[in-house]
Each structure stands twice: as structure tokens, then as C-alpha cells.
Amino acid sequence: MTGRCAIVTGGGRNIGEAISLRLQQDGYRVFVLDVVTPEAETLRDDAIQIDLMDVEATKAAVSAIAANHKVVCLVNNVGIVAPAPFDEVDLDDLDRLMHLNLRVSIVCAQAVVPGMRQHGEGRIVFNTSRVTKGKRDRTLYSATKGAAQAMARTWALELGHDGITVNCVAPGPIATTAFWENNPRNAPKTRAIVDAIPVGRMGEPEDVANAVSFFCDARAGFVTGQTLFVCGGVTVG
């Protein structure tokens, strides 16, 4: 095994694509697992088109990568939102979000951690969200992302002695297709979100990728169990 490799779930578009491209720039060979083919050509050779809701298929794919490559970085990025006010929360969506936003992270980590232990190093990063601070119409999304942050802290305690750090990046309003799908551009609520950002602009996927890059750096070995809010200041005050 030669060369440092990373796996990014949901790395084919939006924030996931920006993370994948940044890790490539940082010198990682990046394996993207997504239901779609990456738009970026540099990501296509090592992309695996897969339904991450399928536990066995996901386990097999990640295990195969880990068996043949030096995987020292896992970015648990994939996620869906399903916005709804409290009175309209659909319990079927609870299972769907828990499976994709949380279960996939466990499946992937259990497949790569043995190799990380063998290599004596590892970086696991969760892409969570500022909604863990509270946001209207995000009962299920905030529940799954909050669970991910709690789980990351637990893993940080359990895996630290193996040289494996576990951290979270929690984006605020980021200009992605997913954001605009859940926040119509001309809606008053959307305008209020944008106007309330202290730095005066929407975030870009690259802003999140920069934070992930820091946590994945080999020199960031003394930082673990933390959540970094990449939010333009909206979580302050």
C-alpha cells in the first residue's frame, strides 16, 4: 500500500464534491461513494456509484477499498434534510434520515478503522450542521446531526490512543443546490436567513472544505472530539 487515501461519502456534488477536490489538492487519493457520478472529472476514476442506504453493499465497497489502499481519512458527508414543521413530521422519514445521515457513518468507520489502527494514524470527519443549535422545521435533521456530533465525541475518546482523531464540521448557510431546494430563493424566510449572516454573504462549499482539510491534516493530531461551525457567524450570540 502506497499513497494516502481518503473516502468521502456523498462526495459527488455540492459540499461533498468541494471536500473531495480539496483533499485531492492536499495529496490524497480520494474515493467518492455516491448515488450520482461526480461532476468533476478528476473524481470519476475512483468514484463508486452506490446507494449508501444499502448496508451490505456499502460495507463491501468500503472494505474492498480499505483492503487494497492506505485509507487514513474518512469523511462522513452524505446526508438528507426532509424539512417539516413539528406537527407534520413523518416517522418514515425518521428511519430514512437515521439510516443515511448516521448509520452509514458507523458502517464506513467500522470498515476503515482496523486499517487506520494498523497504519497508526487516521482522521474521521463528520459533516454535521449548525441546525444542532436549533432551527425551525428541522426536527429530524437536527436530531440526526446532533447524534452524529455526540457519536463523534464518543469515538474521539475510544480511538484517540490509536492515533485516530474524530471531529465535526458544522456548516451554516452554504450556497448549494440542496440549500436552495429547501429554502426557495424568493421566500421571505430565505431572505431573512441570508440577511442575518454576520459576515454579509452566503458560505461556499469551499469554505466547508477548508475546515475539513484542517481536521484531515496529519499535523492536526492534537485536535479531536471537536465541532467547528463554518457558519459566517450565525451561531454567535
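As the structure is a computational prediction, the values presented were derived from the model and not from experiment.
- The main-chain N or O of T224 is found under 3.5 Å from a side-chain atom of Q226 such that the two form a donor-acceptor pair.
- Put simply, the side chain of R103 gets close to the backbone of M53: a donor and an acceptor are under 3.5 Å apart.
- With a 4.5 Å cut-off on side-chain heavy atoms, L159 and V113 count as touching.
- Residue pairs that meet the salt bridge (Lys or Arg N to Asp or Glu O under 4.0 Å) test with at least one member in residues 174-194, sequence neighbours left out, are D137-K189, R191-D195.
- Hydrophobic side-chain contacts under 4.5 Å tie V72 into a cluster, directly or through other members, with V8, I15, I19, L21, L23, Y28, V30, V32, L43, V75, V125, V169, I174, V208, V212, F214, F215, V223, L228, V230.
- Within 6.0 Å of CD in E206 there are more than 12 heavy atoms belonging to other residues, nucleotides or ligands.
- Salt-bridge annotation for R201 and D207: present, with a side-chain N of the basic residue lying under 4.0 Å from a carboxylate O of the acidic one.
- A side-chain donor from one of N101 and T144 sits under 3.5 Å from a side-chain acceptor of the other.
- A donor-acceptor pair is defined here as one N or O able to donate and one able to accept, closer than 3.5 Å; no such pair exists between the side chain of S142 and the backbone of G134.
- Taking every heavy atom of both residues into account, A170 and T227 meet most closely at CB-CG2, 3.8 Å.
- A chain of hydrophobic side-chain contacts below 4.5 Å, direct or via other Ile, Leu, Val, Met, Phe, Trp or Tyr residues, connects L140 to I80.
- Annotation for K135 and R130: closest pair CB-NH1, 3.4 Å, computed over non-hydrogen atoms.
- Panel note: side chain D34, backbone G12; a donor-acceptor pair is recorded below 3.5 Å.
- Of the N and O atoms on the side chains of T9 and N77, not one donor lies less than 3.5 Å from an acceptor on the other residue.
- Proximity of T58 to D51: side-chain heavy atoms (C-beta onward) are nowhere separated by under 4.5 Å.
- Pairs engaging residues 163-180 under the side chain to side chain donor-acceptor pair (under 3.5 Å) rule: N14-T177 [sequence neighbours left out].
- For the pair T154 (side chain) and A150 (backbone), a donor-acceptor distance under 3.5 Å is present.
- When side chains are defined from C-beta on, T132 does not count as touching Y141, because their heavy atoms never get closer than 4.5 Å.
- Among residues at least two apart or in separate chains, salt bridge (Lys or Arg N to Asp or Glu O under 4.0 Å) pairs with a member in residues 219-237 are D217-R219.
- Put simply, the side chain of K133 reaches to within 4.5 Å of the side chain of F229, judged on heavy atoms.
- Side-chain atoms of L74 and R123, non-hydrogen and from C-beta on, never get closer than 4.5 Å to each other.
- Residues P198 and V234 form a side-chain contact, since some pair of their non-hydrogen atoms from C-beta on lies under 4.5 Å apart.
- No salt bridge links D92 with R96; every basic N to acidic carboxylate O contact stays at or beyond 4.0 Å.
- Salt bridge annotation for R4-E121: present, with a cationic side-chain nitrogen under 4.0 angstrom from a carboxylate oxygen.
- Through chains of ILVMFWY side-chain contacts below 4.5 Å, V36 is grouped with V35.
- Hydrophobic clustering (side-chain heavy atoms under 4.5 Å, transitive across Ile, Leu, Val, Met, Phe, Trp, Tyr) groups L94 together with I106.
- Think of V107 as one node in a network of Ile, Leu, Val, Met, Phe, Trp and Tyr side chains linked at under 4.5 Å; its network also takes in V55.
- Counting only distance, with no hydrogens or angles, the side chain of N68 and the backbone of A64 share a donor-acceptor pair below 3.5 Å.
- Remark: the backbone N or O of N186 is not paired with any side-chain donor or acceptor of T190 at under 3.5 angstrom.
- Put simply, the side chain of T37 reaches to within 4.5 Å of the side chain of R44, judged on heavy atoms.
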V194 vs M202, side chain to side chain contact (heavy atoms under 4.5 Å, CB included): CA-CA, chis, key distance, verdict: CA-CA 6 Å; V194 177; M202 288 281 289; 3.8 Å; yes
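- By the 4.5 Å heavy-atom criterion applied to side chains, I124 and I164 are counted as neighbours.
- Remark: Q118 CD is loosely packed, at most 12 non-hydrogen atoms of other residues, nucleotides or ligands lying under 6.0 Å away.
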